[in-house]
Amino acid sequence: MDLLTRIKGPRDLDRLSLGELDQLAEEIRTFLVDAVSKTGGHLGPNLGVVELTIALHRVFESPKDKVLWDTGHQAYVHKLLTGRQDFSRLKSKGGLSGYPSRAESDHDIIENSHASGVLGWADGMAKANEVLKKDDHVVAVIGDGALTGGMAWEALNNIAAAKDRPLVIVVNDNERSYAPTIGGLANHLATLRTTDGYERFLARGKDFLERTPVVGRPLYDTLHGAKKGLKDFIAPQGMFEDLGLKYVGPIDGHDIEALESALQRAKRFGGPVIVHCLTEKGRGYTPALEDEADRFHAVGKIHPDTGLPISTSGLDWTSVFGEEMVKLGQEREDIVAITAAMLQPVGLGKFEEAFPDRIYDVGIAEQHGAVSAAGLATGGLHPVFAVYATFLNRAFDQVLMDVALHKCGVTFVLDRAGITGTDGASHNGMWDMSILQCVPTLRIAAPRDADQVRAQLREAVAVDDAPTVVRFSKGAVGPAVQAVGKAGGMDILRKPKAARPDVLIVSVGALAPMCLEIADLLDAQGISSTVVDPRWVKPVDEALAPLAERHRVVVTVEDNSRAGGVGSAVAQALRDAGVDVPLRDFGIPPVFLDHASRGEVMTDIGLTAPDIARQVTGLVAKLDGRFESRAVEPARD
């Protein structure tokens, strides 16, 4: 690591020879495999952009020039070259973020890790430079997968309108997002990858024609005048140039010299330029290259030599959903599945194997996916759209106006709901139950365990006249939590010992074990409680109000923002029913959460059994006229 340890900032790259730059690239790959295998993280994407990142920082002067990373999971090399080489706590509390972070460095601009937005950022920053008469350069790095998102093309439409506004767009084309990129754009880029450039063709033609007496030169001039037609025929980059964007490439994304030459030309051009770079996801690491699913897009802790996981965590929520989808597909021919470029991460791989003609990958285009689902439902099918909870935010209008308004039977399955932790602020699925509360007719299921995932998924796809949502957490599923009774459509998880119980605890989804622990802590203080799981948290079950009326206090506990969440919906339902019982809602405060483990985040925000039990004890004490809360000791390690 001789060279890497000498790099304290981008300008240290200027002193290195081409041979040393190649050596540095190898050192970086060795570092990444060693470091990320210990912590987990996005390995494959970063192995693919080593030379590209080096070239970007040699040609442009960050942070004066703004280098913008779409999604940002490929910015580890950027971190290394901008002075951040301690990866020992990557994605852990107090360590480096797994994405660009303004708190870490002036070189980081965009923290949002949702794809396809970088070109909008670049458009705005280039316009700001123009108004303020700055000579800064704006460089946007976007993957071919992210170019499947509609926002990217909306931005390109605006970028191309200003022919003299400098902006460099680097397309990092590795033929993949998570899995291989598909669709019309992917086919177009594949054509560009595999066709000799027209410039090479034209150069060979010129040499031949100029040696041809009399007619040679006039014929060459005619040929050159037909440049546009030839370009479309031989190297059809015309799609970009039709928009008014200068196109450079394709460039070998692992040839630093070629990359620098292309980027220098783009930098000098004085208008919008696309530099098309061909890279290899997982480059230099055999286990990644042999992983056809996603080239080690994201890994947990692995053995660096073999790429095999250090440990396994047992059955996870995603797998439970994926297996049940296959069973549903076998039972019902009208069940189809939709994914937004995340087939494996959302658990639909087995469904694709079983029913390859009944699954649709729409690319990174959640808005289109939701509207397409409405069309599928209207056409007589029942689509199941599986997506990370944080990404459904992007399709709210389509859920509201296309699916719900038209009474379409579409099931949205939200993976990674609630606090996901280590991926940081924009990956937490903490807004879905708030955002979706205002959608008429939409129903939300929050399963508490694997059995309920299976049962509630089946209940959801049985609804054919309204949208349904099934949301569950990230990671391993805990043991089954058995019901001990029913109240309407709700499951009672714990019955009170007292005839007039003190507290009704409304448990949402995977927090059921925590709520039972809260009940135990309250019981130790002489406070009796009932624990109920609504199962379907929207609409609020009609049986909840009369049940609440038989208690002195209602407590809701949810893995979602407190602003407009289940607690708010329950409070409104109680008011509408004329039930005047004090209610305390516990959930996620309306803040962006720093990256840390799920447990650490929950401790930081007070979403733990001891914290909640302590506050509820104090509330009951006030009702009793005693203002000193009975202490509840926190659990000890």
Gap separating the [atom1] atom of [X] from the [atom2] atom of [Y], nearest 0.5 angstrom:
X: Ile505; Y: Glu517; atom1: CD1; atom2: CD; result: 11.0 Å
X: Thr148; Y: Ile364; atom1: OG1; atom2: CD1; result: 4.5 Å
X: Asp449; Y: Asp451; atom1: CG; atom2: CG; result: 5.0 Å
X: Leu511; Y: Ile612; atom1: CG; atom2: CD1; result: 8.0 Å
X: Glu333; Y: Leu381; atom1: CD; atom2: CG; result: 10.5 Å

I need the minimum non-hydrogen distance between [X] and [Y], along with the two atoms involved.
X: Pro345; Y: Asp415; value: O-OD2, 3.7 Å
X: Ala370; Y: Phe385; value: N-CE2, 3.6 Å
X: Trp431; Y: Ala425; value: CH2-O, 3.7 Å
X: Ile338; Y: Gly369; value: CD1-O, 3.8 Å
X: Gly421; Y: Asn428; value: N-OD1, 3.2 Å

Sub-4.5 Å side-chain heavy-atom contact between [X] and [Y]:
X: Val506; Y: Pro534; answer: yes
X: Val537; Y: Val570; answer: no
X: Thr556; Y: Val508; answer: no
X: Val503; Y: Val616; answer: yes
X: Ile444; Y: Trp536; answer: no
X: Leu516; Y: Val481; answer: yes
X: Lys38; Y: Lys301; answer: no
X: Leu593; Y: Ile419; answer: yes

Going by atom types only, do [X] and [Y] share a side-chain donor-acceptor pair under 3.5 Å?
X: Ser528; Y: Asp523; answer: no
X: Asp316; Y: Ser319; answer: yes
X: Asp533; Y: Ser507; answer: no

Where at least one partner belongs to residues 370-387, residue pairs that pass side chain to side chain donor-acceptor pair (under 3.5 Å), sequence neighbours excluded: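 As it turns out, the side chain to side chain donor-acceptor pair (under 3.5 Å) pairs with a partner in residues 370-387, which skip direct neighbours, are His382-Thr411.
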Within a reach of under 6.0 Å around [atom1] of [X], are more than 12 heavy atoms found that belong to other residues, nucleotides or ligands?
X: Asp576; atom1: CG; answer: yes
X: Gln330; atom1: CD; answer: yes
X: Lys495; atom1: NZ; answer: no

Would you mind checking if [Y] and [X] are paired as a salt bridge, meaning a charged N to carboxylate O distance below 4.0 Å?
X: Glu459; Y: Arg443; answer: no
X: Asp432; Y: Arg416; answer: no
X: Arg535; Y: Asp541; answer: no
X: Asp491; Y: Arg448; answer: yes
X: Arg552; Y: Asp624; answer: yes
X: Arg562; Y: Asp585; answer: yes

CA sep, side-chain torsions, deciding dist, call: Thr608, Asp611, side chain to side chain donor-acceptor pair (under 3.5 Å): CA-CA 5 Å; Thr608 68; Asp611 287 322; 2.8 Å; yes
Can you confirm whether or not the ring centre of His42 sits under 6.0 Å from the ring centre of Tyr99?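 So the answer is yes for these two rings.
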Between His297 and His73, does the ring centre distance come in under 6.0 Å?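 Here the rings of His73 and His297 have centres that are less than 6.0 Å from each other.
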What verdict does the salt bridge (Lys or Arg N to Asp or Glu O under 4.0 Å) test give for Asp520 and Arg494, after you've listed the backbone C-alpha separation in whole Å, the side-chain angles of each residue and the deciding distance to 0.1 Å? CA-CA 10 Å; Asp520 288 339; Arg494 177 186 172 115; 2.6 Å; yes
Please assess Val384 against Val410 for the test side-chain contact (heavy atoms from CB on, under 4.5 Å), listing each intermediate value before the final yes or no. CA-CA 6 Å; Val384 177; Val410 176; over 6 Å; no
Take Asp361 and Thr339 through the test side chain to side chain donor-acceptor pair (under 3.5 Å) and record every step on the way to the result. CA-CA 5 Å; Asp361 187 341; Thr339 175; 5.0 Å; no
Worked check of salt bridge (Lys or Arg N to Asp or Glu O under 4.0 Å) between Glu352 and Arg358: CA-CA 7 Å; Glu352 183 197 37; Arg358 288 161 56 186; over 6 Å; no
Test item: [X] side-chain N/O and [Y] main-chain N/O as donor-acceptor pair under 3.5 Å:
X: Thr617; Y: Ala613; value: yes
X: Gln74; Y: Gly72; value: yes
X: Glu558; Y: Val566; value: yes

Check Asn393, Val469, Leu400 against Leu436 for a side chain to side chain contact (heavy atoms under 4.5 Å, CB included) and give me the one that passes.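 Among the candidates, only Val469 passes.
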Apply side-chain contact (heavy atoms from CB on, under 4.5 Å) to the pair Leu96 and His595, showing each step before the final yes or no. CA-CA 9 Å; Leu96 289 180; His595 66 278; 5.9 Å; no
Would you call the rings of Phe355 and Phe351 parallel, tilted or perpendicular, where under 30° means parallel and over 60° means perpendicular?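 Correct class here is tilted.
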Aromatic ring pairing His427/His114, orientation class (parallel under 30°, perpendicular over 60°, tilted between):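 Judged by the thresholds at 30° and 60°, the geometry between His427 and His114 is perpendicular.
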Go through the steps for Ser426 and Ser113 under the test side chain to side chain donor-acceptor pair (under 3.5 Å), then give the verdict. CA-CA 6 Å; Ser426 60; Ser113 53; 2.5 Å; yes
Asp70/Ser116 under side chain to side chain donor-acceptor pair (under 3.5 Å): CA gap, chis, key distance, verdict: CA-CA 6 Å; Asp70 191 79; Ser116 307; 5.1 Å; no
Using side-chain contact (heavy atoms from CB on, under 4.5 Å), reason through Phe586 and Gln615 one step at a time and then give a plain yes or no. CA-CA 10 Å; Phe586 294 93; Gln615 293 188 57; 3.6 Å; yes
Carefully, step by step, assess Lys93 and Glu600 under the rule salt bridge (Lys or Arg N to Asp or Glu O under 4.0 Å). CA-CA 8 Å; Lys93 187 175 183 179; Glu600 288 170 331; 5.8 Å; no
Determine, stepwise, if the pair Glu331 / Arg458 fulfils salt bridge (Lys or Arg N to Asp or Glu O under 4.0 Å). CA-CA 11 Å; Glu331 297 167 17; Arg458 288 178 173 272; 2.8 Å; yes
Candidate pair Leu504 and Val531, rule side-chain contact (heavy atoms from CB on, under 4.5 Å), full reasoning: CA-CA 6 Å; Leu504 173 63; Val531 179; over 6 Å; no
